[in-house]
Amino acid sequence: MTKRIKVIRSLRVVNDLTARGHRIISVEPCRKSPKYTCFIFEDTPALQKALAHTFQR
């Protein structure tokens with residue numbers, strides 16, 4: 001079974017997600033813009049809920 005992933009580039013969003021207990025799977029340079037860093041999370045319903053909460057602010 002393949003895990004679904006979510007790629008986040010915003011450090012503010014990453015900090016909010018990790019503060020809520022979500023773990024970063026991997027950190028990689030962004031392929032489209034190498035000056036950015038991509039943070040990889042497992043895409044779960046809980047992560048989607050946390051992202052919705054983050055963007056409601």
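Side chains included, hydrogens not; waters and symmetry mates left out as well; all remaining heavy atoms used. If you read the sequence from its start, that first residue is 1, and numbering goes on from there. Just so you know, these numbers come straight off a predicted model, no measurement behind them.
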note = d(I8 CD1, H22 NE2) to nearest 0.5 Å is 10.5 Å

request  = Report yes if the side chains of S33 and R9 come closer than 4.5 Å at any heavy-atom pair, otherwise no.
outcome  = yes

ask   = Do F39 and L17 come close enough that some side-chain heavy atom pair is under 4.5 Å?
value = no

task = Indicate yes or no: at least one non-hydrogen side-chain atom of D43 is less than 4.5 angstrom from one of Q48.
result = yes

ask   = Are the side chains of R12 and T54 in touch, meaning some heavy atoms are under 4.5 Å apart?
value = yes

task = Determine the minimum heavy-atom distance between F41 and R23, stating which atoms define it.
result = CD2-O, 3.4 Å

inquiry  = If you compare all heavy atoms of L47 against all heavy atoms of K6, which two are closest, and at what distance to 0.1 Å?
reply    = CD2-CB, 3.7 Å

request  = Would you check if T37 and L11 make a side-chain contact, meaning some heavy-atom pair closer than 4.5 Å?
outcome  = no

With S26, the side-chain contact (heavy atoms from CB on, under 4.5 Å) member among I40, I5, V7 = I40

ask   = Is any NZ, NE, NH1 or NH2 atom of the basic residue among D16 and R20 found under 4.0 Å from an Asp or Glu carboxylate oxygen of the other?
value = yes

hydrophobic_cluster_shared for V27 and Y36, side chain cutoff 4.5 Å = no

